[in-house]
Amino acid sequence: MPLTLSRPDLQRSTHFIAGQWQRPEVGPSFDVTDPATGTVIASIPDADAATARSAVDAAHAAFPAWRKTPAKQRAQILKRWNDLVLAHQEDLGRLISREQGKPLAEGRGEVSYAASYIEWFAEEATRANGEVIPAPAPGRRMFALREPVGVVAAITPWNFPAAMIARKIAPALAAGCTVVCKPAEDTPLTSLALIALAQEAGVPPGVLNIVTASREHTPEVVDVWLDDARVRKITFTGSTPVGKHLARRSADTLKKLSLELGGNAPFIVFEDADLEAAVEGLMAAKFRNGGQTCVCPNRVFVHEAVHDRFAALLVARVAALQVGPASDPASQIGPMINARAVEKIERHVQDAVARGAVVLTGGMRLPALGANYFAPTVLAGADASMACACEETFGPVAPLTRFSDEAEVIAQANDTPFGLAAYFYSNDTRRIWRLADALETGIVGINEGALAAEAAPFGGVKDSGYGREGSVHGLDDYLHTKYVCQGGLDA
Ligand SMILES: NC(=O)c1ccc[n+]([C@@H]2O[C@H](COP(=O)([O-])OP(=O)(O)OC[C@H]3O[C@@H](n4cnc5c(N)ncnc54)[C@H](O)[C@@H]3O)[C@@H](O)[C@H]2O)c1
Ligand SMILES: N[C@@H](CC=O)C(=O)O
């Protein structure tokens, strides 16, 4: 089915550097495909090192003027960008769904979610206040000023192609930084459309630059940015191995880093929980975007007293999920992003079954729908020896594990190198605060499955990374503090 947009010009297929949409006359390109069908949607340029460098040249040249642009003016541009994103919600939602595969309702929802970060940081731009420090000696005035860090490189994932770009670019621009961006190779079209709207909103040439690259060429592009001392910050969302690689490789130029990496979220259901609410919460947290979200529960611990009742309620809901392409309005679970993703999910399920888990529903690919579909799955009898308990499955699989004791389940929940999100359901106030304190994660959901919001600090601990996106803390990652002291002021 052709992709029809009310603004066809939002479907861009070139780099955007120094305010120009640029497509090299010669040079490699790569295909963007619809994960539902495998059909090619677009062919876009595959950047090389020279293109990556020219993006930094543009961002570096634009930085002095942009940092001096009054915060209120930067805020007004961001507000116009927010308005344009919302005005084109349907087109952007269609683009997201087509290249990423999520159902159209979720695609539209992601557009509002992305816009909420742009609006939030438009407002935060005008509040990057410094401090006047009481001087410890006479005749001095002491200040802490907050300044933009400089050129920021943003590397984004495919699972939220609009929201992850917005959550990085909006605070960078609000702080007065300029940006070079490389979107995920699976979903570049949404990013290009967002940048086209930013240009329309009045972001000056060079302030925002985007280059597209295939998986093969991505290291060549990003290595240029890692080695270039003019790039002062890397902001990355994606897998932990790539995040660690970026941390190692940026050490020589001591860049500031924000890393939003993988998770292995526990979801704990205590015997005193409201089971219907817990099932509802798990459905929202686990099956959003087909389970391809960094905060998706990866391990579900259920108290033995309620395990079978919870499992029955959950299986009824999961078995009823409608799987299909985004083009079908009835679809609730779309295709997985690509063949690698389906292979990993299948491997996790097969490994769990080989180690004694039982499939309560799902458990297999759905080839009649297409190569990238996997049935929403519930497993019982999961344990810590299984791959699905140690690695992020990133798919629609809920592995259930019985537990009997609070201390034991806390230890199990924390027994992972990851620490992004954790969820639990309980109605015991003392237990609630014991758990909130004991869980080693950056985010805790208590009787709630949907946690992300522009006003909330999003980020992890341990191997899930560092830095916070969104909230009043989200701007800090794009600012540094300059201490200024004036002496000789004694009367
Ligand atoms: N935290 C998240 O939101 C998130 C998002 C996507 C994937 N993941 C995790 O990562 C797993 C693999 O997914 P993926 O392969 O798309 O993630 P990935 O980390 O490989 O890709 C994320 C981004 O990093 C870029 N990238 C890849 N290799 C790079 C390199 N050597 N140097 C610089 N940039 C590089 C990609 O092009 C993409 O833009 C998933 O199964 C999931 O566990 C997490
Ligand atoms: N999708 C997350 C980010 C990573 O997947 C969010 O809920 O914002």
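As the structure lists them, so they are numbered: ligands from 1, and atoms in each ligand from 1.
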side-chain hydrogen bond (donor to acceptor under 3.5 Å, both in side chains) between Asp477 and Ser258, worked out: CA-CA 7 Å; Asp477 277 17; Ser258 302; 2.7 Å; yes

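- Protein heavy atom nearest atom 13 (O) of ligand 1, with residue, atom name and distance: Trp158 NE1, 3.8 Å.
- The shortest distance between side-chain heavy atoms of Asp34 and Arg98 falls below 4.5 Å.
- Below 4.0 Å from some heavy atom of Arg167 lie the following atoms of ligand 2, by number and element: 3 (C), 6 (C), 8 (O).
- Heavy-atom contacts of Ile155 reach the following atoms of ligand 1: 24 (O), 25 (C), 39 (O) (cutoff under 4.0 Å).
- Below 4.0 Å from some heavy atom of Glu260 lie the following atoms of ligand 2, by number and element: 3 (C), 4 (C).
- The CG atom of Leu379 sits 9.5 Å away from the OG1 atom of Thr401 when rounded to the nearest 0.5 Å.
- Each of the atoms 1 (N), 5 (O) of ligand 2 lies under 4.0 Å from some heavy atom of Phe160.
- By the criterion of a heavy-atom distance under 4.0 Å, the backbone of Thr156, and not its side chain, is placed next to ligand 1.
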Please report the C-alpha distance between Tyr425 and Phe267 in whole Å, then the side-chain angles of each, then the deciding distance to 0.1 Å, and finally whether the ring pair (Phe, Tyr, Trp, His ring centres under 6.0 Å) criterion is met. CA-CA 8 Å; Tyr425 276 70; Phe267 187 103; 5.4 Å; yes

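- With a 4.0 Å heavy-atom cut-off, ligand 2 is reached by the side chain of Ala452 but not by its N, CA, C or O.
- At least one N/O-N/O distance between Cys294 and ligand 2 falls below 3.5 Å.
- Ligand 1 has an N or O atom lying under 3.5 Å from an N or O atom of Lys344, backbone or side chain.
- Closest protein heavy atom to atom 7 (C) of ligand 1: Phe394 CE2, 3.8 Å.
- Looking at Thr237, Asp223, Thr218, Asn264 and measuring to atom 34 (N) of ligand 1, the nearest heavy atom belongs to Thr218.
- Scanning Thr293, Val242, Leu226, Val221 for the heavy atom closest to atom 30 (C) of ligand 1 points to Val242.
- Contact between Arg340 and ligand 1 is present, with at least one heavy atom of the residue lying under 4.0 Å from the ligand.
- Using a 4.0 Å cut-off to heavy atoms of Tyr113, the atoms of ligand 2 that qualify are 6 (C), 7 (O), 8 (O).
- When heavy-atom distances to ligand 2 are checked against a 4.0 Å cut-off, Asn159 comes that close only through its side chain, counted from C-beta outward.
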side-chain hydrogen bond (donor to acceptor under 3.5 Å, both in side chains) evaluation trace for Glu99 with Thr190: CA-CA 8 Å; Glu99 64 176 350; Thr190 306; 2.5 Å; yes

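- Under 3.5 Å, the side chains of Glu106 and Ser97 contain no donor-acceptor pair of N or O atoms.
- Scanning the protein heavy atoms around atom 11 (C) of ligand 1, the nearest turns out to be Ser239 CB, 3.9 Å.
- Scanning the protein for heavy atoms near atom 36 (C) of ligand 1, the closest one is Glu185 OE1, 3.5 Å.
- Exactly one of Ile268, Val269, Leu400 qualifies for a side-chain contact (heavy atoms from CB on, under 4.5 Å) with Phe301. That residue is Ile268.
- For atom 31 (N) of ligand 1, the closest heavy atom belonging to the protein is Pro219 CG, 3.8 Å.
- Residue contacts with ligand 1 for Arg215 involve side-chain atoms from C-beta outward but no N, CA, C or O (heavy atoms, distance under 4.0 Å).
- The environment of CG in Asp437 is crowded: more than 12 heavy-atom neighbours from other residues, nucleotides or ligands sit within 6.0 Å.
- Note: no N/O pair closer than 3.5 Å links Thr293 and ligand 2 by distance alone.
- Around the NE2 atom of His245, the shell of radius 6.0 Å holds more than 12 heavy atoms that belong to other residues, nucleotides or ligands.
- When only non-hydrogen protein atoms are considered, atom 6 (C) of ligand 1 lies nearest to Pro157 CB, 3.6 Å.
- The atoms of ligand 1 that sit less than 4.0 Å from any heavy atom of Lys182 are 37 (O), 39 (O).
- The distance from ligand 2 to the heavy atoms of Met164 drops below 4.0 Å at these ligand atoms: 3 (C), 8 (O).
- Summarising the geometry, atom CD belonging to Gln100 is positioned 12.0 Å from atom CG belonging to Leu95; distances are rounded to the nearest 0.5 Å.
- A parallel orientation is assigned to the rings of Phe121 and Tyr117, their planes being inclined by less than 30° (bins at 30° and 60°).
- Among all non-hydrogen protein atoms, the one lying nearest atom 2 (C) of ligand 1 is Cys294 CB, 3.5 Å.
- In Arg288, the part holding a heavy atom less than 4.0 Å from any atom of ligand 2 is the side chain.
- Here CG of Asn298 is found 9.0 Å from CZ of Phe418. Values are rounded to the nearest 0.5 Å.
- Residue contacts with ligand 2 do not include Gln292, since none of its heavy atoms lies under 4.0 Å from the ligand.
- Heavy-atom proximity to Ala184, at under 4.0 Å, picks out these atoms of ligand 1: 39 (O).
- Contact annotation: for Phe160 versus ligand 1, there are no heavy atoms closer than 4.0 Å.
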Where do Ser385 and Asp383 land on the side-chain hydrogen bond (donor to acceptor under 3.5 Å, both in side chains) test, with the steps shown first? CA-CA 6 Å; Ser385 73; Asp383 67 38; 2.5 Å; yes

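- Within ligand 1, counting atoms from 1 as listed, the ones closer than 4.0 Å to a heavy atom of Glu260 are 1 (N).
- The contact set between ligand 1 and Val222, taken as ligand atoms under 4.0 Å from a residue heavy atom, comprises 33 (C), 34 (N).
- Where the criterion is an N or O separation shorter than 3.5 Å, residue side chain and backbone included, Tyr117 fails it with respect to ligand 2.
- Within ligand 1, counting atoms from 1 as listed, the ones closer than 4.0 Å to a heavy atom of Glu392 are 9 (C), 42 (C), 43 (O).
- Checked for salt-bridge contact, Glu260 and Lys168 miss the test: no charged N lies under 4.0 Å from a carboxylate O.
- Within the model, atoms OG1 of Thr235 and NZ of Lys256 stand 11.5 Å from one another, a figure rounded to the nearest 0.5 Å.
- Here the shortest heavy-atom pairing between Val397 and Ile345 reads CG2-CG2, 3.7 Å.
- Electrostatic pairing of Arg340 and Glu343 does not count as a salt bridge here, judged by no charged N lying under 4.0 Å from a carboxylate O.
- By the 3.5 Å distance cut-off applied to N or O atoms, Leu261 is counted among the residues near ligand 1.
- When only modelled atom types and interatomic distance are considered, Asp48 and Thr51 share a side-chain donor-acceptor pair under 3.5 Å.
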